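Below you'll find the structure, written out as structure tokens, and then a few comments.
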Amino acid sequence: VQLQASGGGLVQPGGSLRLSCAASGSIVSINDMGWYRQAPGKQREFVAAIISGGTPTYADIVKGRFAISRDSPKNTVYLQMNNLKPEDTAVYYCNAGGVYRSSGSTLSFGSWGQGTLVTVSS
């Protein structure tokens with residue numbers, strides 16, 4: 001299963017961006033999709049996640065500013081980021097876990113996207 005993230009770019013403080021991440025492959029079902037980020041010189045950290053049929057969860061530092069949503073038929077997850085701050089600058093990675101089909105069997109997967117760079121600067 002492959003994940004393709006897009007939507008990053010340069011934005012001024014206070015601005016907005018919307019990230020997208022589409023999963024492709026012989027997917028049977030996706031249980032959870034989420035976003036992580038890694039700033040220069042820092043470890044990758046959790047940003048937001050959404051579980052099938054569940055309530056979205058957010059890191060405290062993005063609550064009230066970011067919103068995660070999911071289009072299940074399209075196997076796509078979105079991250080709407082508002083009121084962006086310079087400290088939100090990072091490479092954003094999407095993540096998904098679920099079940100896929102391979103050679104007549106169903107197997108679980110956990111995949112990462114390639115990352116998309118978000119730069120918040122004036």
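Remember, it's a predicted structure, so these values are computed and weren't measured experimentally.
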**Study point:** Joint cluster assignment, L19 & V91, ILVMFWY side-chain distance < 4.5 Å
**Key:** no
Taking only distance into account, with no hydrogens and no angle test, what donor-acceptor pairs under 3.5 Å do side-chain atoms of residues 42-52 form with protein atoms, sequence neighbours excluded?
unit_1: E45; atom_1: OE2; unit_2: R37; atom_2: NE; d: 2.7
unit_1: E45; atom_1: OE2; unit_2: R37; atom_2: NH2; d: 3.2

Point to revise | Which residues share a side chain to side chain contact (heavy atoms under 4.5 Å, CB included) with A22, sequence neighbours left out | key: T76
Check your understanding: Is Y58 reachable from W35 through a run of I, L, V, M, F, W or Y residues, each pair having side-chain heavy atoms under 4.5 Å apart?
Key -> yes
Study note, to complete from the structure: Hits for side chain to side chain contact (heavy atoms under 4.5 Å, CB included) against S69, two or more places apart or cross-chain, chain-then-number order -> Y78
Could you pull out every donor-acceptor pair under 3.5 Å between side chains of residues 114-122 and any protein atom, sequence neighbours left out?
unit_1: Q114; atom_1: OE1; unit_2: A5; atom_2: N; d: 3.2
unit_1: Q114; atom_1: NE2; unit_2: A5; atom_2: O; d: 2.9
unit_1: T116; atom_1: OG1; unit_2: G8; atom_2: N; d: 3.0

Check your understanding: Do Y92 and W112 sit in the same hydrophobic cluster, where Ile, Leu, Val, Met, Phe, Trp and Tyr count as joined when their side-chain heavy atoms come under 4.5 Å apart?
Key -> no
Study note, to complete from the structure: K85 meets the salt bridge (charged side-chain N to carboxylate O under 4.0 Å, His left out) criterion, sequence neighbours left out, with none
Point to revise | Minimum side-chain heavy-atom gap F109-I30 below 4.5 Å | key: yes
Practice item. State whether the number of non-hydrogen atoms from other residues, nucleotides or ligands found under 6.0 Å of Q2 atom CD is greater than 12. Key: no
Practice item. List the atom of V11, the atom of G15, and the distance in Å for their closest heavy-atom pair. Key: CG2-CA, 3.7 Å
Practice item. Name all residues meeting the side chain to side chain contact (heavy atoms under 4.5 Å, CB included) criterion together with S102; count only those two or more places apart in sequence or in a different chain, and write none if there are none. Key: Y100, L107
Review point. Between V62 and L79, is there a shared hydrophobic cluster once you connect ILVMFWY residues whose side-chain heavy atoms come closer than 4.5 Å?
Key: yes
Exercise for review: For P56 and I68, work out which heavy atoms get closest and say how close.
Suggested key: CB-CG2, 3.6 Å
Practice item. Kindly work out whether a path of hydrophobic side-chain contacts (I/L/V/M/F/W/Y, heavy atoms less than 4.5 Å apart) joins Y93 to L17. Key: no
Check your understanding: Which one of N82, N83, L84 satisfies the side-chain contact (heavy atoms from CB on, under 4.5 Å) criterion with F66?
Key -> L84
Point to revise | D88 side chain reached by I61 side chain, heavy atoms, under 4.5 Å | key: no
**Study point:** Gap separating the CG atom of L3 from the SG atom of C21, nearest 0.5 angstrom
**Key:** 4.5 Å
Check your understanding: Does a side-chain heavy-atom distance below 4.5 Å link Q80 with S16?
Key -> yes
